[in-house]
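Contents: one structure, followed by commentary.
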Amino acid sequence: MVDTLSVFWDEAMLAHNPPAGEFEAEWTGRLAVEEPHPDRPGRVQNIKHILETELDEQCEWKPVEPAAPKEIQRVHTEEYIENIREFSVAGGGRLTAETGANEHTYRAARYAVGAATGAARTAVAAESATVPYALVRPSGHHAQPAQADGYCFFNNAALAAEVALEHSDIERVAILDWDVHHGNGTQEVFYDRDDVLFISVHNDHGSWDPVAHPQSGDLAEHGVEAGEGYTVNVPLPPGTGDRGYEVLMDELVAPILTEYGPDLLVVSAGQDAGTVDPLGRNVVTMDGFRMLGARVQELAGRLTDNRVVVLQEGGYQMSHLAYATLGVFEGMLDVDTGVQDPFDWLDEDYDSAERALDAIATYQSRFWGV
Ligand code: OKP
Ligand code: ZN
């Protein structure tokens, strides 16, 4: 039984700020009002505050050591890390169409990695009656070994998995990425390996940049060589909601994780599948996120001796993100705060989701008993 949430957090992560413009893109001068970039500090400030107001008794706040470049080299090239440092300390700007830095980004990104690896170390420590949670920005799941993408610089989840694998008790890690965007960076890192199972659940958005994001997130991206079958993509149609996510947890994720038998579960928890998120097209409510948290906890209890680590990824509707994230931890800790989703009003398209999930299960049945 887990009863506390260990939140790895440092204010250094608030100072990162991508350039303003038109939504996530560069300013063209066609519009009247410049908009702050969707990855705003308020995202994590709101999560921190709702945890303090609604789950204060359960939360333990943990200090973060910023990761050194050497540690980040477990996943990224030395040259890439140095490029990010130089770009950031010189004042920043846009690295890709949507991914930008300021002078604080390099430091913030090192804190994010440090929070993720600190949380992973807590998770592998045998007596973990706590859920370690890295409350971080910038996110990591789009970052590839030598390529920034999708608001991400260093891949926090991949680094958490690598750090865990250095522990003698940990031979296999499963990463479940429910951020509404494809975790292409994490996929890339482990594409030819079977010691890390990567499951990404996302909107079927495809590739969005030939250089920064060439991966499609389609079913056919299922790993190569030793990694064949160990990348599992679950691309979902728009409108998938609570019921679709519940079915995919029970009919795809749970059986595959059970068959794989991981020693640690890493969750790339971006709550941008949330209803009203401006960057996603799914309609998961707080109840759906409670369900996801409860399912993850059930799987960790049954498969990994409660070894689980939760890493913050996306989520851009600043109010809903906080409620959704509270829902995840209510589910994990089996607590009912009584808080209701204030933004729950859209119907889900379950028929489309069901058709997609059936096709995905058929495809995956060549690798797994689903
Ligand atoms: C980051 B995370 C093409 C559209 C791509 C990027 C979204 C990044 C989301 N320019 N938009 O939450 O997965
Ligand atoms: Zn996302």
Side-chain angles (χ1 to χ4, degrees), residues 5 7-9 13-14 16-18 23-24 35-52 54-55 98-99 108-109 112 115-116 119 131 133-143 149-153 155-157 175-183 185-186 200-203 205 236 238 240-242 245 266-293 296 309-332 339 341-344 346:
L5 188 63
V7 190
F8 290 76
W9 158 257
M13 293 181 281
L14 295 176
H16 159 63
N17 249 323
F23 196 23
E24 63 174 14
E35 184 181 6
H37 189 278
D39 182 9
R40 298 166 199 171
R43 297 173 49 242
V44 293
Q45 287 175 294
N46 277 355
I47 294 174
K48 176 171 181 278
H49 204 263
I50 207 168
L51 293 178
E52 287 167 343
E54 301 300 330
L55 283 180
E98 78 277 346
T99 312
V131 175
Y133 168 49
L135 175 48
V136 299
R137 65 186 285 277
S139 303
H141 72 150
H142 299 302
D149 174 42
Y151 319 166
C152 301
F153 304 89
N155 196 309
N156 305 317
I175 303 176
L176 171 61
D177 182 333
W178 71 48
D179 184 286
V180 82
H181 303 99
H182 177 224
T186 314
S200 181
V201 180
H202 45 266
N203 268 141
H205 55 68
L236 298 170
T240 304
D242 294 1
Y245 276 78
V266 174
V267 183
S268 266
Q271 277 68 261
D272 45 10
T275 187
V276 306
D277 192 284
L279 278 145
R281 296 173 300 156
N282 288 358
V283 291
V284 180
T285 74
M286 215 180 155
D287 276 342
F289 286 108
R290 287 188 182 96
M291 176 281 298
L292 287 172
V296 159
V309 43
V310 180
L311 311 178
Q312 186 61 45
E313 301 280 0
Y316 302 97
Q317 208 302 320
M318 279 184 14
S319 306
H320 194 261
L321 170 62
Y323 284 89
T325 306
L326 176 64
V328 171
F329 294 121
E330 284 186 41
M332 288 194 81
V339 174
D341 192 325
F343 313 102
D344 166 13
L346 289 168

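Within the 4.5 Å cutoff, no side-chain heavy atoms of Cys152 are placed close to those of Pro138. The shortest side-chain heavy-atom distance between Pro18 and Asp39 falls under the 4.5 Å cut-off. Under the 4.5 Å side-chain criterion, counting only non-hydrogen atoms from C-beta, Phe289 is not in contact with Leu326. Leu236 places a side-chain heavy atom less than 4.5 Å from the side chain of Val201. Under the 4.5 Å side-chain criterion, counting only non-hydrogen atoms from C-beta, Val44 is in contact with Leu14. Between Ile50 and Glu54, the closest side-chain pair of non-hydrogen atoms falls below 4.5 Å. Residues Gln45 and Met318 are not in side-chain contact: their nearest non-hydrogen atoms beyond the backbone lie 4.5 Å or more apart. In this structure, Trp178 and Ser268 have side chains that are not in contact, with every pair of non-hydrogen atoms separated by 4.5 Å or more.
Here Arg137 does not pair with Glu313 in a salt bridge; the nearest charged N to carboxylate O distance is not below 4.0 Å.
The closest donor-acceptor contact from the side chain of Gln312 to the backbone of Ala269 lies under 3.5 Å. With Asn156 contributing its side chain and Ala116 its backbone, the two residues share no donor-acceptor pair below 3.5 Å.
Each of Val284, Val283, Asp272, Val180 was compared with Asp277 under the side-chain contact (heavy atoms from CB on, under 4.5 Å) criterion, and only Asp272 meets it. Checked options Glu24, His37, His142; the residue passing with Tyr151 is Glu24 (criterion: side chain to side chain donor-acceptor pair (under 3.5 Å)). For the side chain to side chain donor-acceptor pair (under 3.5 Å) criterion with His320, the lone passing option out of Asp341, Thr275, Asp344 is Asp341. A side-chain contact (heavy atoms from CB on, under 4.5 Å) with Tyr133 is found for exactly one of Val309, Leu311, Val328, Thr325, namely Thr325.
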key: Candidate pair Leu176 and Val296, rule side chain to side chain contact (heavy atoms under 4.5 Å, CB included), full reasoning   = CA-CA 9 Å; Leu176 171 61; Val296 159; 4.1 Å; yes

task = Please report the C-alpha distance between Phe343 and Thr285 in whole Å, then the side-chain angles of each, then the deciding distance to 0.1 Å, and finally whether the side chain to side chain contact (heavy atoms under 4.5 Å, CB included) criterion is met.
result = CA-CA 8 Å; Phe343 313 102; Thr285 74; over 6 Å; no

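For the atom pair NE2 (His181) and OG (Ser200), the distance works out to 10.5 Å, reported to the nearest 0.5 Å. Between the CG atom in Leu5 and the CD atom in Glu330 there is a gap of 12.0 Å [rounded to 0.5 Å]. The CE atom of Met332 sits 12.0 Å away from atom CG of Leu55, with the distance rounded to the nearest 0.5 Å. Residue Asp149 holds its CG atom at 8.5 Å from NE2 of His141, rounded to the nearest 0.5 Å. In this structure, the separation between CG on Leu279 and CD on Gln317 is 11.0 Å, given to the nearest 0.5 Å. With rounding to the nearest 0.5 angstrom, the NZ atom of Lys48 is 11.0 Å from the CE atom of Met13.
Nearest heavy atoms, Ala115 versus Val136: CB-CG1, 3.5 Å. Between Asn17 and Pro41 the shortest heavy-atom distance is OD1-CD, 3.4 Å.
Within a 6.0 Å radius of OH in Tyr323, other residues, nucleotides and ligands contribute 12 heavy atoms or fewer.
Relative orientation of the Phe153 and His16 rings is perpendicular, given thresholds of 30° and 60° on the angle between their planes.
Residues Asn203 and His205 bring no donor and acceptor atom of their side chains to less than 3.5 Å of each other. In this structure, a donor-acceptor pair under 3.5 Å is present between the side chains of Asn155 and Thr186.
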